[in-house]
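In what follows, every chain begins at residue 1, and chains take the letters A, B, ... in the order their sequences are listed.
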Amino acid sequence: MEMQRPRGTADLLPGQVEDWQRLEAIVTKILSAANYQEIRTPIFEHTELFERGVGDTTDIVSKEMYTFEDRGQRSVTLRPEGTAGVVRAYVENKLYGTGTVSKLFYYGPMFRYEKPQKGRFRQFHQYGAEVLGSEKPAIDAEVISLSLRILVGIGLKNLTVELNSVGCSVCRPVHRALMVERLTPHKDELCQDCQNRLEKNPLRLFDCKNDRCQAILRDADVPYIVDVLCDDCRTHFDAVQRYLKVMDVPFRLEKGLVRGLDYYTRTAWEITSPGFTTIAAGGRYNGLVEEIGGPPTPGIGFAGGIERALWVLGEQGGTLRSSERLDAFVAVADEGGEGTAMVVLETLRGRGIRADRDYQGRSLKSQFKLADRLQARYVVVIGESELQSGKATVKNLDDGEQREIPFPQLADEIEQGIR
RNA sequence: GUGAGUGUGGCGAAGGGGUUAACGCACCGGAUUGUGGUUCCGGCAUUCGUGGGUUCGAUUCCCAUCACUCACCCCA
């Protein structure tokens with residue numbers, strides 16, 4: 001039987017890889033300009049890190065983790081997201097000891113045991129940024145701005161930043177209790193999913209697409225959390241919005257927005273484009289560092305899906321690829337030209353000129369066809385007669401002009417021609 | 001995890017229980033002597049995801065399995 005790749009994984013073929021490289025270059029450039037530095041953490045971590053960090057009631061931890069026992073009977077897990085690992089590294093390496101704000105970014109594969117569909121894989125890739133050590137609303141605004149700037153930089157259109165605040169350890173429990181109190185009497189009327197949500201994460205009720213559930217929510221007069229924030233959260237959130245406006249970062253208040261991970265506090269946002277799922281998302285996580293064993297340290301970050309960004313880009317007709325032409329194609333006219341052709345190739349390549357030849361024994365005519373397909377600028381023909389005259393036959397495929405150039409000047413001429 | 005659909009050459013796609021599995025694109029070769037496009041000619045699936053079953057006979061029917069797609073859950 002033919003070998004197949006594991007479900008939900010993908011091969012990145014030549015051509016696609018170029019998009020990825022360019023995307024990563026854009027991310028690096030934008031984040032570097034804001035003084036963020038790259039960090040690389042392991043692709044797998046102790047299972048406990050995610051159970052504690054991401055939260056064991058979340059779907060990610062409860063049913064989507066790639067967890068294994070290694071040969072030392074330790075339970076390890078392929079990381080399902082990037083934040084937990086970065087925060088762990090921050091704590092373990094005592095980066096908080098620098099006394100400054102840590103601004104970090106990363107790329108890499110993430111793993112979630114899910115049923116694959118469009119824009120959803122078991123191994124997928126994210127870029128992301130994390131800022132540890134500041135709870136200033138201004139940093140929220142900076143991070144949100146950057147998360148959008150990257151997508152714009154990649155070339156995506158019709159982007160929307162959906163913004164919300166999900167409160168903190170002070171106001172969220174109060175709101176949660178209120179929801180449970182008002183909705184429990186109507187529990188039986190809710191859809192099965194919402195009944196579960198009521199127990200696990202009542203905030204999610206706002207996400208339900210079921211009209212009946214939404215009606216019940218209205219009738220029960222259940223407030224959105226953003227409308228009942230404690231004073232500190234209110235003040236913080238107002239400031240974030242104020243800065244965003246000043247910075248001219250467009251956003252839309254989305255009171256029903258909830259993020260899936262337990263660690264989010266206060267600011268939460270998602271970036272979407274009509275007709276697609278979320279492309280990037282982020283939020284503040286003020287309790288996470290402490291949860292993982294570090295000193296109380298506020299944090300905020302976001303992650304973007306590389307496959308998703310590239311998918312949307314492709315659907316919108318964009319690409320990061322530029323047509324890569326071949327500078328010179330060396331055509332071998334006969335056996336006698338073989339050796340010299342190799343010498344010429346070495347010379348051209350040594351100068352950084354992109355050059356190639358045929359290795360399948362094609363006829364000269366076919367070699368020209370191949371050169372045409374590779375969009376070569378020049379074809380250098382080498383055979384017995386060229387060796388006799390000491391001049392290579394060089395044809396410019398763009399204008400069809402053909403000349404004889406002495407071998408010693410060949411590389412110079414081509415170098416000039418491709419500029 | 002739940003529900004539904006799909007699976008034919010590199011790609012797109014027709015077909016249908018029975019001697020040689022359409023077609024298009026791509027690809028390869030040729031159209032007299034060492035040259036690209038177009039056109040023309042020729043070539044290119046012992047085989048219809050995989051395994052099993054029904055049958056005289058299956059790629060066409062059934063079952064299983066794998067993969068993909070869509071919706072839900074959830075999410076980047």
* To do: Could you provide the dot-bracket string of RNA chain B, using ( ) for intrastrand pairs, [ ] for crossing pairs and | for bases paired to another strand, with Watson-Crick or G-U pairs below 3.5 Å?
  => (((((((..(((.....[....))).(((((.......))))).....(((((..]....))))))))))))....
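Judged purely by distance below 3.5 Å, without hydrogens or angles, the side chains of T272(A) and T278(A) never pair a donor atom with an acceptor atom. Checking T28(A) against E38(A) by side-chain atom types alone, no donor-acceptor pair falls below 3.5 Å. Checking T9(A) against Q123(A) by side-chain atom types alone, no donor-acceptor pair falls below 3.5 Å.
Residue-level contact check: Q360(A) touches neither bases nor backbone, having no heavy atom under 4.0 Å from any strand. F276(A) comes within 4.0 angstrom of no nucleic acid atom, judged by non-hydrogen atoms across all strands. Counting any heavy atom pair closer than 4.0 Å across all strands shown, A280(A) reaches sugar-phosphate atoms only and no base atom. Nucleic acid contact for G8(A): sugar-phosphate only, since backbone atoms but no base atoms lie under 4.0 Å from a heavy atom of the residue. Looking at heavy-atom distances under 4.0 Å, E114(A) makes contact with a base. Backbone-only engagement by K118(A) is indicated by non-hydrogen atom pairs under 4.0 Å involving sugar-phosphate atoms exclusively. Residue L370(A) is out of contact with every strand shown, counting any heavy-atom pair closer than 4.0 Å. No contact: T58(A) has no heavy atom under 4.0 Å from any strand. Counting any heavy atom pair closer than 4.0 Å across all strands shown, R112(A) reaches a base atom. Using a 4.0 Å heavy-atom cutoff across all strands shown, G119(A) reaches at least one base atom of the nucleic acid.
Comparing T9(A) and T277(A) by the nucleotide of RNA chain B that holds the closest heavy atom to each, the one mapping nearer the 5' end is T9(A).
Annotation: the span from F302(A) atom CZ to I271(A) atom CD1 amounts to 7.5 Å, rounded to 0.5 Å.
Between the side chain of K365(A) and the base of U35(B) there is no donor-acceptor pair of N/O atoms closer than 3.5 Å. Interface remark: the R120(A) side chain does form a donor-acceptor pair with the C74(B) base, using a distance-only criterion of under 3.5 Å. Below the 3.5 angstrom threshold, one finds no donor paired with an acceptor across the side chain of E270(A) and the base of A76(B).
The side chain of P116(A) has U69(B) as its nearest neighbour among C74(B), U69(B), U35(B). Comparing G37(B), C74(B), C27(B) by their nearest atom to the side chain of E64(A) picks out C74(B). When distances run from any side-chain atom of Q117(A) to the nucleotides G30(B), C74(B), A71(B), the shortest one goes to A71(B). Among the nucleotides G36(B), C75(B), G29(B), the one closest to any side-chain atom of K369(A) is G36(B). Listed nucleotides A76(B), C74(B), G29(B) differ in distance to A281(A); the shortest reach to its side chain belongs to A76(B). Of the candidate nucleotides C75(B), G30(B), C68(B), G30(B) has the atom lying nearest to any side-chain atom of S363(A).
Other residues, nucleotides and ligands contribute only 12 or fewer heavy atoms inside 6.0 Å of the CZ atom of R40(A). Enclosure of atom CZ in F44(A) is not indicated, since only 12 or fewer non-hydrogen atoms of other residues, nucleotides or ligands lie within 6.0 angstrom.
Rounded to whole Å, the separation between the P atoms of U2(B) and A26(B) comes to 44 Å. Comparing the same atom, C1', in U60(B) and in G53(B) gives a spacing of 15 Å after rounding to whole Å. For the P atom pair drawn from G24(B) and C41(B), the interatomic distance equals 11 Å after rounding to whole Å. Rounded to the nearest Å, the gap between the P atom of G7(B) and that of G43(B) is 29 Å. Nucleotides G30(B) and U69(B) are separated by 43 Å at their C1' atoms, to the nearest Å. Spacing between A21(B) and G36(B) at atom P, rounded to whole Å, works out to 37 Å. For the P atoms, the distance linking G42(B) with C23(B) amounts to 12 Å, nearest Å. Using atom P as the reference point in both C62(B) and U38(B), the two lie 45 Å apart (nearest Å).
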Side-chain donor-acceptor distances from residues 144-152 of chain A under 3.5 Å, at least two apart:
unit_1: S147(A); atom_1: OG; unit_2: I144(A); atom_2: O; d: 2.7
unit_1: S147(A); atom_1: OG; unit_2: W269(A); atom_2: NE1; d: 3.0

Atom pairs and distances, donor-acceptor, side-chain atoms in residues 335-345 of chain A, under 3.5 Å, two or more places apart:
unit_1: E338(A); atom_1: OE1; unit_2: R357(A); atom_2: NH1; d: 2.9
unit_1: E338(A); atom_1: OE1; unit_2: R357(A); atom_2: NH2; d: 3.2
unit_1: E338(A); atom_1: OE2; unit_2: R357(A); atom_2: NH2; d: 3.4

Quick test: give all pairs of protein nitrogen or oxygen and nucleotides 7-10 of chain B nitrogen or oxygen below 3.5 Å, distance rounded to 0.1 Å.
none

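If you measure from atom CD of Q402(A) to atom C1' of U35(B), you get 7 Å, rounded to the nearest angstrom. In this structure, D372(A) places its CG atom 8 Å from P of U38(B), rounding to the nearest Å. If you take CD of E307(A) and P of C75(B), they are 18 Å apart, rounded to a whole angstrom. C72(B) atom P lies 14 Å from atom CZ of R204(A), rounded to whole Å. Rounded to whole Å, the distance from CD1 on I279(A) to C1' on A76(B) is 10 Å. The interatomic distance linking F368(A) (CZ) with G36(B) (P) rounds to 8 Å, in whole Å. Computed from coordinates, the R357(A) CZ to U35(B) P distance equals 18 Å when rounded to whole Å. Straight-line distance from the CZ atom of R122(A) to the P atom of C68(B): 8 Å, rounded to whole Å.
Sorted by first and then second residue, the ring pair (Phe, Tyr, Trp, His ring centres under 6.0 Å) pairs involving residues 123-144 of chain A (not counting sequence neighbours) are W20(A)-H125(A). Each salt bridge (Lys or Arg N to Asp or Glu O under 4.0 Å) pair with one or both residues in residues 131-142 of chain A, not counting sequence neighbours, appears once here: K103(A)-E142(A), D140(A)-R284(A).
Between T393(A) and the phosphate of U35(B), there is no side-chain N or O to OP1/OP2 separation shorter than 4.0 Å. Look at R362(A) and you won't find any side-chain N or O under 4.0 angstrom from OP1 or OP2 of C27(B). Taking only side-chain nitrogens and oxygens, R7(A) comes nearer than 4.0 Å to OP1 or OP2 of C68(B). The side chain of R308(A) places no N or O atom within less than 4.0 Å of a non-bridging phosphate oxygen (OP1 or OP2) of C75(B). Neither OP1 nor OP2 of C73(B) sits under 4.0 Å from any side-chain N or O of K115(A). Taking side-chain N and O atoms only, Q367(A) has no distance below 4.0 Å to OP1 or OP2 of G36(B).
No donor-acceptor pair closer than 3.5 Å links the side chain of Y96(A) to the backbone N or O of T297(A). Looking only at distances, a side-chain donor or acceptor of Q367(A) sits under 3.5 Å from a matching main-chain atom of V332(A). D334(A) places a side-chain N or O within donor-acceptor distance of the main-chain N or O of E384(A), the cut-off being under 3.5 Å.
Note on ring orientation: taking the six-membered ring where Trp is involved, the planes of F68(A) and Y66(A) are parallel (angle under 30°, cut-offs 30° and 60°).
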